[in-house]
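As the structure is a prediction and not an experimental result, all values here were calculated from the model. In each ligand, atom 1 is the first atom listed, and ligand 1 is the first ligand listed.
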Amino acid sequence: MEEFQYRGGALFCEEVPLADLAERYGTPLYVYSEKSIQDRFRALDEAYASIPHLICYAMKANDNLSIVRLLAGLGAGADIVSGGELFRARQAGVPGSRIIFAGVGKTRAEIAQAIDEDVLLFNVESPAELEAIAAVGKEKGRTARIAVRVNPDVDPQTHPYISTGLKKNKFGIGADHVLEVYRRARDEAFLEPVGIQMHIGSQLVHVQPIVDAVGRVADLVQRLRDEGVALRYFDVGGGLGIRYRDEAPEGPSELAERVLPTIRDLGVTLLCEPGRFIVGNAGALVTRVVYRKDNGAKTFVIVDAAMNDLIRPSLYDAHHEIWSVEWRDEREIVDVVGPICESGDFFAHDRSLPVSGSGDLLAIMSAGAYGFAMASTYNARPRPSEVLVTGCQHRLIRRRETYQDLIRAEEGL
Ligand SMILES: *Cc1c(COP(=O)(O)O)cnc(C)c1O
């Protein structure tokens, strides 16, 4: 969290005290550092600089239009998983030629929308989906470019919910069926096989499983070449991990060093789909303590953010560091919880944290990825505001929802 630092006892994002932002925009509040996003994007871009490449930002990590636009301005494309994300990517100025469409359940309507936008390629996850793309292409008289998502059957050693490259996962097509899917695509007039893709999981702190998978997929590229299918794109997926607690994740340079020789030899363009790596450590969720409560056995710090705003602790038992916005030397063991009527509504259990009282501000760190993007209005809680900080400037990039927003789509009263 390089862009979140204490100065003179106050926690800053870049040049702006978080307390000022909380005062100005209210809490709970997502705060993002523009510099952090830029630095992460550039680290990837530089790691791959020696070969042709396109970084397709995985929008599901954080699809705020200002953030997607910022990345598009740096040269990023987008990795999308729904028609809604396609709409958002286009609204944010990402051209179709830099969009790749992933996901196991693309509907015909979504496929049609993506063909109309002339996306760079579809990552195909099943023979049935391939047939659907061919049929929609035929209806429109347009050829769709495709890549097959290979399930390389490697264990990424991450949380089971975010592991995707094992045979037992629903993703991709097993190596023994990949060739026949490409043959079918090669022989179908409205399909053009142009690439191959893999993505084995998320929050990977070691690159070895990715390297192993790249080796397996590279063998397939060679075999396809022998069969007259010459691919132009090799997509290594996303999944690079970040530091939430004390991890020391390997990053783009370690990955590049070990996979670029293989990809260079194949003479293909490298695609990648990072989400968390780019935005995860660029954001914090600022929240205010409402009450303290001591039940004899435990002390609870009840804050105004909840699992509807940031669900990762509840969903994955994920760890997020919690910092006090005003520095405190004294610490105590507490649970930090939200106001929602679920015991799963917590941010920390039995954690040693700076002592805080009603009205104090806390920052839940590393909340830039899968934070706001997974927020809901559960318990009729309007979703929080989002603010982007650049140096000493800050701007609202999403206003807090209102009660009117909560009921806007409802009819028939
Ligand atoms: C979720 C996902 C990503 C992004 O994962 P990160 O861990 O955020 O980098 C990339 N590609 C696919 C296919 C995904 O499902």
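- Residue-to-ligand polar distances keep G237 apart from ligand 1: every N/O pair is separated by 3.5 Å or more.
- When all heavy atoms are compared, the tightest approach of N123 to E129 is O-OE2, 3.7 Å.
- Using a non-hydrogen distance threshold of 4.0 Å, P274 registers as a contact of ligand 1.
- Checked for salt-bridge contact, D309 and R381 meet the test: a charged N lies under 4.0 Å from a carboxylate O.
- G239 counts as a contact of ligand 1, since one of its heavy atoms falls under 4.0 Å from the ligand.
- Relative to the six-membered ring of F12, R7 meets both conditions, a distance below 6.0 Å and an angle of at most 45° to the axis.
- Close approach to G275 involves these atoms of ligand 1, each under 4.0 Å from a residue heavy atom: 6 (P), 8 (O), 9 (O).
- Heavy atoms of D79 found under 4.0 angstrom from ligand 1 belong exclusively to the side chain.
- The backbone and the side chain of E273 each have at least one atom closer than 4.0 Å to an atom of ligand 1 (non-hydrogen atoms only).
- The protein heavy atom nearest to atom 7 (O) of ligand 1 is S202 OG, 2.3 Å.
- L406 and E410 make their closest contact through O-OE2, 3.7 Å (heavy atoms, listed as atom of the first residue, atom of the second, distance).
- Per-residue contacts place R149 under 4.0 angstrom from the following atoms of ligand 1 (heavy atoms of the residue considered): 13 (C).
- Proximity to R276 (heavy-atom distance under 4.0 Å) selects the following atoms of ligand 1: 6 (P), 8 (O), 9 (O).
- Closest approach of L361 to A22, counting heavy atoms only: CD1-CB, 3.7 Å.
- In terms of protein heavy-atom proximity, atom 15 (O) of ligand 1 is nearest to K60 NZ, 2.8 Å.
- When atom types are taken as modelled, the side chain of R98 and the backbone of A78 share no donor-acceptor pair closer than 3.5 angstrom.
- Here the closest non-hydrogen pair linking H319 and R351 is CE1-CZ, 3.3 Å.
- The closest approach between Y370 and ligand 1 falls below 4.0 Å for a heavy atom of the residue.
- Residues R399 and D405 are paired through a salt bridge, judged by an N-O separation under 4.0 Å between the basic side chain and the carboxylate.
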